[in-house]
S.K.: 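First the structure, which I've put down as structure tokens, then a few questions once you've had a look.
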There are 2 protein chains.
Amino acid sequence: MDLECASQETVKQGLLARGWPPIKGFSKHVKTKVFEFFSHLIKLGQDDPRRVVHSLKAGLALTLVSLFYYYQPLYKSFGVSAMWAVITVVVVFEFSVGATLGKGVNRGLATLLAGGLAVGAHQLANLSGRIGEPIVLGFFVFLQAAVSTFVRFCPQIKARYDYGLLIFILTFSLISISGFRDDEVLELVHKRLLTVLIGGSTCVIISVLLFPVWAGQDLHNLIASNMEKLGIFLEGFGDEYFKMPEDGESKEDRPFLQGYKSVLDSKTNEDALANFARWEPRHGRFQFRHPWRQYLKIGALTRKCAYRIESLNGHLYADIQAKREIRSKIQETCTTISMESGKALKELSMAIKTMVQPFAADIHIENSKSSVKNLDTLLKSGLWDDETDLLEVVPVATVASLLIDVVTCTAEIAESVNELATMLKFEVVEPTVSPEKTETGQPKIGIS
Amino acid sequence: MDLECASQETVKQGLLARGWPPIKGFSKHVKTKVFEFFSHLIKLGQDDPRRVVHSLKAGLALTLVSLFYYYQPLYKSFGVSAMWAVITVVVVFEFSVGATLGKGVNRGLATLLAGGLAVGAHQLANLSGRIGEPIVLGFFVFLQAAVSTFVRFCPQIKARYDYGLLIFILTFSLISISGFRDDEVLELVHKRLLTVLIGGSTCVIISVLLFPVWAGQDLHNLIASNMEKLGIFLEGFGDEYFKMPEDGESKEDRPFLQGYKSVLDSKTNEDALANFARWEPRHGRFQFRHPWRQYLKIGALTRKCAYRIESLNGHLYADIQAKREIRSKIQETCTTISMESGKALKELSMAIKTMVQPFAADIHIENSKSSVKNLDTLLKSGLWDDETDLLEVVPVATVASLLIDVVTCTAEIAESVNELATMLKFEVVEPTVSPEKTETGQPKIGIS
């Protein structure tokens, strides 16, 4: 028996040691998934270290507010209401100062307003006797919840006060229906308001004082970097398009030509950042009433340009390419147009980043416009002989036409950046000392 | 004295009657604003009456849950914890079933998990003595808040479990730091979980049983209507483009040609609806594991087509138009291409809406492809004489080329709609009995 047991044990151990195949497979799968998840998290932190800082700040704010529970004198005066401070911190603390401030102000004001109205509703209901009271209260709760919920559908209100309306419904319902005596209700409102203020101000103070993340700054950078992405595409486009396929490797492995794709879907992000930025106080080079609307206008024009570039990009990889002779005839002019608009966009991006007047961009736009004129002359001059068929001209003509559209878009962007520069009184730096100049080469003037 | 008083009174009354100018102006301004706000609200309700129904449902859910406070036996067993049911209803009740279910499940599971872990943390802290306890608890609160906040940055997790992580932080902090004895903590967790379940299930039941709004259905309709918008543009484009400016009024007042613009920015909306739809149970023609990913794929291709249309639209209003003779030469073919792709998109949209195999669309796509071939032949055949300059050909060539791109995009969309039709086993209806046919006319077969 002992021997048998021992041999069974050996078999079992052997199975465990080798691992039961399905379990082994499963545990390997889990290991891979966990490993992937952690490397993804590490990448998230590396991409934007402010995320790590924000997480530590959130932990700190929560730990600070939880002192209410540990510190007896504080706990005695607030009791279970101290919980509202903790809840406030958890839901109000957001990544950027603007988002935190917006939620904090929404929560504070909504609590104040709903608290006041709820006390009124409570007293009105008291007047209607033992049986009437729950009916009147129920009616009030239903009415305010339905009306507030409906108002939340209004896009302008949703953008700025959605959270406030949620808290309004919450506070009004909680306070009006709590079956206390009047003086207790007043105390409840008072305690709630105070704990919400403590929680909210903890969030705001930590958010502003410790490594603040400004939504305004983020929007500013996003608008500039989107423009730069388009610039990078355009600078590279000419060479890529006119390079013959036989010259080398596939065109598809050019990551720098795909950067513009994120610009196509940037509207939601820009709108959200602008909404947060409106809550932010003066910071650095940004005033309280900074013209965020102008940033959105520039963003919309940048996207319009990105749509054209998306069409251009389609031609980069199109199977039917125009004949080499026709292409080579307009190669130089088209490359110049693309290159100069690209440089203009990069200069505009740099001008926004450094808040310097975009003089250099104007020069590049002039260059691209005169290249467009050259292209017109070239096309007028009878570029082709009688045997050329139009079918071979179409792709090149389309690229040329899209490039002309891009120049128009770039000029529009430049105009709105100039408007911004006037609004914000961008610094005037002579174009000759622009730091970009050495990199992009001497600007050509009077090419036409 | 009396007389003086009386005359002063008259003056005052006169002022009030006429209105003190600044106050009058201000009150007029307020009146206008209030009027605008209300007419805006009425429009919101008319645009989508489900919004009104949702608001009433939200009011009903809240009133139902507040019975906890009014009905004494219930209030006795839950006490102040009944408040959690009210809070749950306010924050969980969302417009669509999917969003409500997602938030409800997130809240329930997060409360369960965080409650369990918090009880563990509480007991561990108890072991470390009077002075060690707050330090250990503070450390736990900090650690979980920081880690959970960081994990919320992960896009995949943010999309589905953001709210769950928020509630995890909230519940863990509240329960672990509440300075009660162990048995009281267990009771707290138990009560919280129960009230959250009651609130959550009230929301889900009302949301599913009373006029449910399914995010899946909304996504389905959105994808179909986006395609239809592009179809409407394309059907109208040919005639608009080739109509000479002197023919009549300005082209800018054509609202039906601007409908496609909303498609450009539809990504966020589609992604959100797909995320909600994943939570929804089987309903109508939609299964639990409906291929929502395929809808997103179709949506992305539709947007790609919309970018081309945005470029086309630019040419509709361009100042420089090609010469009449050149335009008239390719007018018929281009109009056919545009019209047929438009019809194809409208058929595809109708196929999705009615869940019927898109046979009719295939015919229109074949027609548009053969028109592209005709266009090629036309361009090859030497469309112009020696005096034509290329500059006048460029706009027409661009429009032709963009239309060819649109045909490619339409074929891609059709392919992915066909994939969807296979996945979902769309009904097979002979194209001759398609309800669209009478409206769009008999399909032309074998035009080439």
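Chain letters run A, B, ... following the sequence lines, proteins first, then strands; residues in each count from 1. Because only heavy atoms are used, hydrogens play no part in the values below, and waters and symmetry mates are left out as well, while side chains stay in.
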S.K.: Who among A:Gln156, A:Arg152, A:Lys43 has the most heavy-atom pairs with chain B under 4.5 Å?
M.R.: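 Maximum pair count with chain B is reached by A:Gln156.
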
S.K.: With a 4.5 Å cut-off on heavy-atom pairs, point out which of A:Ser66, A:Cys154, A:Ala145, A:Ala306 contacts chain B the most.
M.R.: A:Cys154

S.K.: In terms of heavy-atom pairs under 4.5 Å with chain B, which of A:Leu264, A:Val91, A:Asp405, A:Val151 leads?
M.R.: A:Leu264

S.K.: Please list, chain by chain and in numerical order, all residues satisfying salt bridge (charged side-chain N to carboxylate O under 4.0 Å, His left out) with B:Arg192, sequence neighbours excluded.
M.R.: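 B:Arg192: no salt bridge (charged side-chain N to carboxylate O under 4.0 Å, His left out) contacts found.
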
S.K.: Between chain B and each of A:Ile169, A:Asn269, A:Leu41, count heavy-atom pairs under 4.5 Å; write down the option with the most.
M.R.: A:Leu41

S.K.: What distance do B:His40 atom NE2 and A:Phe153 atom CZ have between them, rounded to the nearest 0.5 Å?
M.R.: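 So the gap between those two atoms works out to 12.5 Å.
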
S.K.: Compare every heavy atom of A:His315 with every heavy atom of B:Ser401, then report the nearest pair and how far apart it is.
M.R.: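 Looks like OG-CE1, 3.4 Å.
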
S.K.: Under a 4.5 Å heavy-atom cut-off, does chain B meet the side chain of A:Leu143, its backbone, both or neither?
M.R.: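 For A:Leu143, neither part sits under 4.5 Å from chain B.
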
S.K.: A:Val141, A:Asp48, A:Leu174: which one forms the most heavy-atom pairs within less than 4.5 Å of chain B?
M.R.: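 That would be A:Leu174.
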
S.K.: Drop me the distance from A:Met83's CE to B:Met83's CE, to the nearest 0.5 angstrom.
M.R.: 3.0 Å

S.K.: Give the minimum heavy-atom separation between A:Gly138 and B:Thr63, together with the two atoms involved.
M.R.: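 For A:Gly138 versus B:Thr63, the nearest heavy atoms are O-CG2, 3.8 Å.
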
S.K.: Quick one: what part of B:Phe95 sits under 4.5 Å from any heavy atom of chain A, side chain, backbone, both or neither?
M.R.: side chain

S.K.: Does the pair B:Phe172 and A:Val90 meet the rule for a side-chain contact (heavy atoms from CB on, under 4.5 Å), with working shown?
M.R.: CA-CA 11 Å; B:Phe172 185 92; A:Val90 175; over 6 Å; no

S.K.: Non-hydrogen atoms of chain B under 4.5 Å away: do they reach the side chain of A:Phe139, the backbone, both or neither?
M.R.: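 For A:Phe139, there is no contact with chain B at all, as no heavy atom is under 4.5 Å.
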
S.K.: Do you know which of B:Val86, B:Val147, B:Leu402, B:Leu170 has the most heavy-atom pairs under 4.5 Å to chain A?
M.R.: B:Leu170

S.K.: Give, as side chain, backbone, both or neither, the part of B:Leu375 having an atom under 4.5 angstrom from any heavy atom of chain A.
M.R.: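 It is neither, since no heavy atom gets under 4.5 Å.
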
S.K.: Under 3.5 Å, side-chain donor or acceptor atoms of residues 51-61 of chain A against the rest of the protein: list the pairs with distances, not counting sequence neighbours.
M.R.:
unit_1  : atom_1 : unit_2   : atom_2 : d
A:Arg51 : NH1    : A:Leu44  : O      : 3.1
A:Ser55 : OG     : A:Arg51  : O      : 2.9
A:Ser55 : OG     : B:Phe150 : N      : 3.3
A:Lys57 : NZ     : A:Leu210 : O      : 3.0
A:Lys57 : NZ     : A:Phe211 : O      : 3.1

S.K.: State the CG-OG1 distance between B:Asp271 and A:Thr268, to the nearest 0.5 angstrom.
M.R.: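 Here the rounded value is 9.0 Å.
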
